Student: 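I'd like to ask you about the structure that follows.
What's counted below: heavy atoms across the whole structure, side chains too, no hydrogens, waters or symmetry copies. All values reported here derive from a predicted model rather than from experimental measurement.
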Amino acid sequence: MPLTILSGAQLRSLLFSLDRDQIVSIQQNLGSALRDYSIGNQDSGCAATLQPRRTAVTRLCGTTTIFMPSSTRRAIGIKVISLQDKGSKPGCEVETGEDLRNLKRFTAAGTPGSRDSMASVSSEMSELSVSSNEDSTERSGSTSSSESEFPTASVDKKPVGAGVSQTMGAWPGVGSRDTSPKGSVTLLDDNSHPFGLINAEELTPFRTALTATMIFNKRKRVRTVVVFGAGKQAYWHIRLALILRGEDIKRVFIVNRSFERAAQLLREIYAPENSSWRRDVKFSAVSSEFGEYQRILHDAINKADAIFCCTPSHEPLFPAELLTSREGRRKGRLISAIGSYKPEMSELHPDILREEVTVQPPHRHFHKHVQRSGVVVVDSLDAAMKEAGELIQADVKPNQVVEIGELLMVRDSSKGSDSADDEKRLREWVEKGNVIFKGVGLGLMDLVTGSELVELARTRKIGTTVEDF
């Protein structure tokens, strides 16, 4: 069995060469695995009950190493990544506890099962209402004074172009401010013969962005996108969003604490080789160092159709009232948070999630607002309830969480009039309603995506091959 090794540079070269159709194909295969994970498909080997629990070890030096095993019917994987985590005490921790899937299933009849769970979610959707003046509100809002203040690409209102290094001062070295975890993914076939070894630093943000953009693909309106962060996660969320929906996107705001890091990300995006997917989208990068930061942040969130949070933040990235106020509720948004990974961390204010899972009865003024769904979407229920600070701090219950794989399941099963009605309500919610996605990552995502990339690498003669390993 040959072993294909993909270094960070080799994987990056491969990922940069992918066209839209190839990205969609990988994304669809990943979606199928997540669906099988949620519904318990034993045939594919992706069921949650067949996934080993992960382990984390914090060493005395302050580095935490996470071991993420995974399996499918065709392959086995183990991802090992390390990051500086000096806030944790030394020791070893293994995921334990009851599978929360058995706790979250709820129906009027009390019958367990993921299909029943989704039927209940869709019943909450029955009161979903999207403002009829959403488009007109956005059109009028897009002509506000701040819209014309930025050049085509700008950092804190300074233009970014060919002379960026002169106008912005010294640039940090590539990756010098990057907090991406370091490590690798090892892939083995069903006989435990190694066939792939991949640098995880680029694979992790790529597969995370693939997952986050699954819902993004279904949204009706994605004219304005706000991205918090300026590392690899932010880069891949922007790149995939534009490759998948670039014809619809008109504006991208990059919001980051560090001025220099935000500027570097914008310079990377404006590299000549990226013109094909960057198109003529208008970019603005804003840092919290800017004097008018709060005003620009409010304007960006107000206009946003999708918000991608990609930072390891311990504090909410923006005030809750920007989304919970009367103005903030005038339209539905996709809000994706993938950066925090510990209970004390949080990119979203708990009030945002509390309001989302609290379903209000219909009110005569609610036609002006988007009705809350009553649920938060996650990649893994078990992992999210243990690790996601946003859910823990907001005291979100298991029956207020739905896995993205369950949404994909409903898409594929609409039998009978009742199921068709449920599917229609869910589709309207996913397309136009308020959707909060919280991702914490799964080894299964690395295994499925990594296996696809190894096959492509062999076809394109990319990477290092060790014969008869």
Side-chain angles (χ1 to χ4, degrees), residues 124-125 127-131 133-135 137-138 141-142 144 146 212 215-216 219-229 237 241 251-256 286 288 293-311 313 315-340 345-360 363 365-378 388-396 400-402 429-439:
E124 301 287 1
M125 295 292 98
E127 300 298 338
L128 179 145
S129 173
V130 179
S131 172
N133 64 351
E134 174 183 322
D135 290 344
T137 300
E138 282 299 290
S142 64
S144 65
S146 61
I215 300 176
F216 181 78
R219 302 294 289 180
K220 283 287 188 181
R221 183 183 179 88
V222 290
R223 287 173 56 89
T224 302
V225 177
V226 174
V227 179
F228 286 89
H237 277 74
R251 185 72 179 272
V252 175
F253 287 91
I254 300 171
V255 184
N256 193 62
V286 182
S288 56
Y293 174 70
Q294 293 300 329
R295 180 182 66 82
I296 300 303
L297 178 66
H298 181 280
D299 184 62
I301 297 295
N302 183 54
K303 289 184 172 65
D305 300 300
I307 302 171
F308 293 118
C309 301
C310 308
T311 74
S313 179
E315 301 292 338
L317 299 174
F318 54 89
E321 54 265 24
L322 294 185
L323 295 182
T324 60
S325 66
R326 174 172 295 185
E327 179 187 21
R329 293 183 57 196
R330 286 186 178 276
K331 69 174 185 178
R333 296 175 179 85
L334 168 63
I335 304 124
S336 174
I338 58 85
S340 61
M345 301 173 72
S346 181
E347 296 180 285
L348 301 177
H349 195 287
D351 287 351
I352 295 174
L353 280 80
R354 290 190 189 105
E355 180 167 294
E356 186 63 32
V357 299
T358 303
V359 180
Q360 300 286 347
H363 189 276
H365 295 304
F366 272 20
H367 68 281
K368 296 180 180 179
H369 301 146
V370 174
Q371 183 75 7
R372 297 313 188 193
S373 64
V375 295
V376 175
V377 183
V378 299
E390 289 87 352
L391 302 183
I392 294 170
Q393 294 174 34
D395 196 27
V396 174
Q400 296 170 324
V401 172
V402 60
W429 167 53
V430 170
E431 291 177 351
K432 298 185 290 184
N434 215 59
V435 180
I436 297 177
F437 171 70
K438 174 59 193 175

Student: Decide, yes or no, whether a salt bridge links Arg295 with Asp299 under the criterion of side-chain N to carboxylate O below 4.0 Å.
Tutor: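 No salt bridge links Arg295 with Asp299.
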Student: If you round to the nearest 0.5 Å, how far is CD of Glu321 from CD of Glu327?
Tutor: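 Between atom CD of Glu327 and atom CD of Glu321 there are 11.0 Å.
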Student: Testing Val377, Ile335, Val378, Leu391 one by one against Ile436 for a side-chain contact (heavy atoms from CB on, under 4.5 Å), which residue passes?
Tutor: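 Filter result, single survivor: Ile335.
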Student: Checking Glu390 side chain against Leu353 main chain: does a donor-acceptor pair fall under 3.5 Å?
Tutor: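 Not at all, since once roles are kept as given, no pair shorter than 3.5 Å links the two residues.
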Student: Could you tell me whether the side chain of Arg333 and the main chain of Ala304 form a donor-acceptor pair under 3.5 Å?
Tutor: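 Present.
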Student: Tell me the closest heavy-atom pair linking Ala320 and Asp351, and the distance in Å.
Tutor: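 That closest heavy-atom pairing would be CB-CB, 3.8 Å.
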Student: Do you know which two heavy atoms are closest between Phe308 and His237, and how far apart they sit?
Tutor: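 Result for this residue pair: CD2-CD2, 3.6 Å.
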Student: In Å, rounded to the nearest 0.5 Å, how long is the span from OG1 of Thr311 to CZ of Phe228?
Tutor: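 Between atom OG1 of Thr311 and atom CZ of Phe228 there are 8.5 Å.
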Student: Determine the minimum heavy-atom distance between His298 and Leu322, stating which atoms define it.
Tutor: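 Minimum heavy-atom contact is CD2-CD2, 3.1 Å.
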Student: Please report the closest heavy-atom contact between Val376 and Lys438, naming both atoms and the distance.
Tutor: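 Nearest heavy atoms, Val376 then Lys438: CG1-CB, 4.4 Å.
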Student: I'd like to check Trp429 versus Val375 (side-chain heavy atoms, cut-off strictly below 4.5 Å). Are they in contact?
Tutor: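 Yes; the side chains approach each other to less than 4.5 Å.
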Student: Of all the heavy-atom pairs spanning Cys310 and Val227, show the shortest one and how long it is.
Tutor: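 Taking every non-hydrogen atom into account, SG-CG1, 4.4 Å.
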Student: Once you round to the nearest 0.5 Å, how far does CG of Leu323 lie from CG of Asn434?
Tutor: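 One finds 7.0 Å between CG of Leu323 and CG of Asn434.
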Student: Has the side chain of Arg219 got a donor or acceptor atom that lies under 3.5 Å from a matching backbone atom of Val430?
Tutor: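 Pair found, side chain donor or acceptor close to backbone of Val430.
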Student: Keeping Gln400 on the side-chain end and Gly374 on the backbone end, is there a donor-acceptor pair under 3.5 Å?
Tutor: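 Between the backbone of Gly374 and the side chain of Gln400 there is no qualifying donor-acceptor contact (under 3.5 Å).
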Student: Please lay out, stage by stage, how Val255 and Phe318 fare under the test side chain to side chain contact (heavy atoms under 4.5 Å, CB included).
Tutor: CA-CA 10 Å; Val255 184; Phe318 54 89; over 6 Å; no
Student: Give a yes or no answer on whether the side chain of Lys432 reaches the backbone of Lys331 with a donor-acceptor pair at less than 3.5 Å.
Tutor: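 Absent.
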Student: Start with the C-alpha gap between Phe253 and Leu297, add the side-chain angles, then the distance that decides, and say whether side chain to side chain contact (heavy atoms under 4.5 Å, CB included) holds.
Tutor: CA-CA 9 Å; Phe253 287 91; Leu297 178 66; over 6 Å; no
Student: What is the distance from atom CD1 of Ile296 to atom OG of Ser288, rounded to the nearest 0.5 Å?
Tutor: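 These two atoms lie 13.5 Å from each other.
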Student: How many angstroms lie between OG1 in Thr224 and CD1 in Ile307, if you round to the nearest 0.5 Å?
Tutor: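 It is 10.5 Å, given to the nearest 0.5 Å.
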Student: If every non-hydrogen atom of Gly339 is compared with every non-hydrogen atom of Met345, which pair is closest and at what distance?
Tutor: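 That would be O-CE, 4.5 Å.
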Student: Got a second to check how far Ser340's OG is from Glu347's CD, nearest 0.5 Å?
Tutor: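 Reported to 0.5 Å precision, the distance equals 5.0 Å.
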